[in-house]
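Structure first, then comments.
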Amino acid sequence: RCPAFIRLRCAGTVAADLRREEQPSGSVETGSKDKTPKKTFPEVQNERREQAQRTVLIHCQNKVSERKFLKYLSQHGRIHSHFFYESFGFYAVVEFCQKDSVDSLLKGTQTPANGTEAAIPFRSRFLSLKLRSPPSQGSEQPQVLLNNQLPPSNRKLSELLCAAKSIDDQLNTLLKEFQLTEENTRLRYLTSSLIEDIAAAYFPDCRVKPFGSSVNTFGKLGCDLDMFLDLDETKKLDIQKNKGNFLIEFQVKNVASERMATQKILSVLGECLDHFGPGCVSVQKILHARCPLVRFSHQASGFQCDLTTNNRIAMKSSELLYIYGTLDARVRALVCSVRYWARAHSLTSSIPGAWITNFSLTVMVIFFLQRRSPPILPTLDTLMTLADEEDECVIEGNNCTFIRDLNKIKPSENTESLEVLLKEFFEYFGNFAFSKNSINIRQGREQNKPDSSPLHIQNPFETSLNISKNVNQSQLQRFVELARESAWVLQQEEAAAPCPPSKQPWGLAALLLPSIAQNKKVQKKLPSERIKSLLESVKNNIAQSATHT
Ligand code: CTP
Ligand code: MG
């Protein structure tokens, strides 16, 4: 690991430092050996937010000469970093050293004027560059190095996995290829910051903070961008109201419930994004969900975005996951592989339904790592007992207290390899008494299920809730069957002692093949086909008799 570490230090950029500390490298060693002081979640969030505010997003209509482009922008101040990428067009992300430079650049911009269309004069940090003399069609396009924002193809990944030296190496390779890059992380914070500018037109002191897998260390390239509209700063102004005889009437408009207030705020923001949000398309207001949200695509970044408000607990669970993901390097590698394995077998899906979610899978891995002997991860109760006074946090009556300074948590003594952990994970959940027990990372042990949902994973903070309530029996059954088969495949390989690297899929690559799922299907095919055709004939009969009637 040393050469990479030295290289990052020599580069000497804040960005490199942020990356090193925020995302522990996917190395084989356990977190226990890593002595680098780690940043707290709020520290990372604040630094990234400040960085995003010094950054602009520029849509370039043609490929530009990098040198000329930077020279032009440098008129407004020193540039700290930049990169180009391709999404629905060609874009540049430019971070200045000072925020003043962004203001200076914006002063020199103009709103597009077009005879047939009227522009809405909303000044955003998302700009469009139009060259006065663009390079002609025939002339050579400037060469620009594009930063990749996409995960590798299945084929490329399969090659990489086959060429790995061991199963541990495979898990680390998968993580390295899929984890969010420094640039992708910056783009995520920048997008949140641009959305915050729009929301601030209505709620001047609001904050839009990314949460979920974009920031909890478990994100992968291509994952959605969850954002939380924090109106707490606005609420803090209310403290003033007891001082005099006046109430701030324009800020406090009473509605029947907190939920209704959330729905109204999101409804207004949904309209705002739809009408004024540069690059925001396909805006959907999903206000009747348990947690109301506005869903949209941010075309320039290519992110599918979910904006919620009044969702502070989810923010807290992102912080908890950040702690677990940063404590020990094995956690992220194992979670990444389990998530990838689940996606490869369609156990998870991007469409909401009765499937297990990535969040549930992550909590299952954390639970499993708490159950190892000695434990690899501490329980939430342990993290609570380590908490200081300033860590205390109660949200809507739920105790969300836990230690936030990672450096105060004792590293695990456990030295099990990723290979062992992966195999044991499949064995553990292949034999778990789901019908009787609930998964509980607060206490780090199974508990009796409080209800009859097939899969019960207690929400770590709202303990009466089940985070996998949506999962039905047949999806759970598929998970269990695939887990058993995967444990079996790994066991067989161990017995056969393959000598990697090999052209044939082995280790993790063998677990991702559809064949392990199909082995079972072959036996079932006949009866299910028969039942299908029986159902079809019954349906036809009903349809026919309905027509006759
Ligand atoms: N969350 C929660 N309870 C749930 C579902 C989600 O508390 N039942 C919170 C978690 O903090 C989760 C975040 O909302 O991380 C975002 O949810 P989601 O986008 O579904 O999961 P991610 O962790 O972001 O994973 P993915 O990469 O699949 O988006
Ligand atoms: Mg998400």
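First listed ligand is number 1; within each ligand, the first listed atom is number 1. Worth saying up front: this structure is predicted, and the values here are computed from it rather than measured.
Using a 4.0 Å cut-off between charged nitrogen and carboxylate oxygen, Glu446 and Lys436 do not count as a salt-bridge pair. Salt bridge absent: Arg478 and Glu481 never bring a charged side-chain N and a carboxylate O closer than 4.0 Å. Between Arg295 and Asp224 there is no salt bridge, since no side-chain N of the basic residue sits under 4.0 Å from a carboxylate O of the acidic one.
Evaluation of the side chain to side chain contact (heavy atoms under 4.5 Å, CB included) rule for Lys156 yields Pro152, Ser153, Leu160, Glu177 as partners, not counting sequence neighbours. With sequence neighbours excluded, the residues that form a side chain to side chain contact (heavy atoms under 4.5 Å, CB included) with Asn148 are Leu150.
Note that Lys38 lies outside the cation-pi zone of Tyr322, set by a 6.0 Å cut-off to the ring centre and a 45° limit from the axis. Cation-pi geometry between Arg404 and Phe41 is not met at under 6.0 angstrom from the ring centre and within 45 degrees of the axis.
Note: Tyr428 and Phe425 fail the aromatic proximity criterion, with ring centroids not under 6.0 Å apart. Between Tyr91 and His59, the distance separating the two ring centers is shorter than 6.0 angstrom.
Protein neighbours of ligand 1 below 4.0 Å, counting non-hydrogen atoms: Phe211, Gly212, Ser213, Asn216, Cys223, Asp224, Asp226, Ala314, Ser317, Ser318, Arg339, Asn358, Phe359, Ile467.
Within the protein, the N, O or S atoms sitting under 2.8 Å from the Mg ion (ligand 2) are Asp224 OD1, Asp226 OD2.
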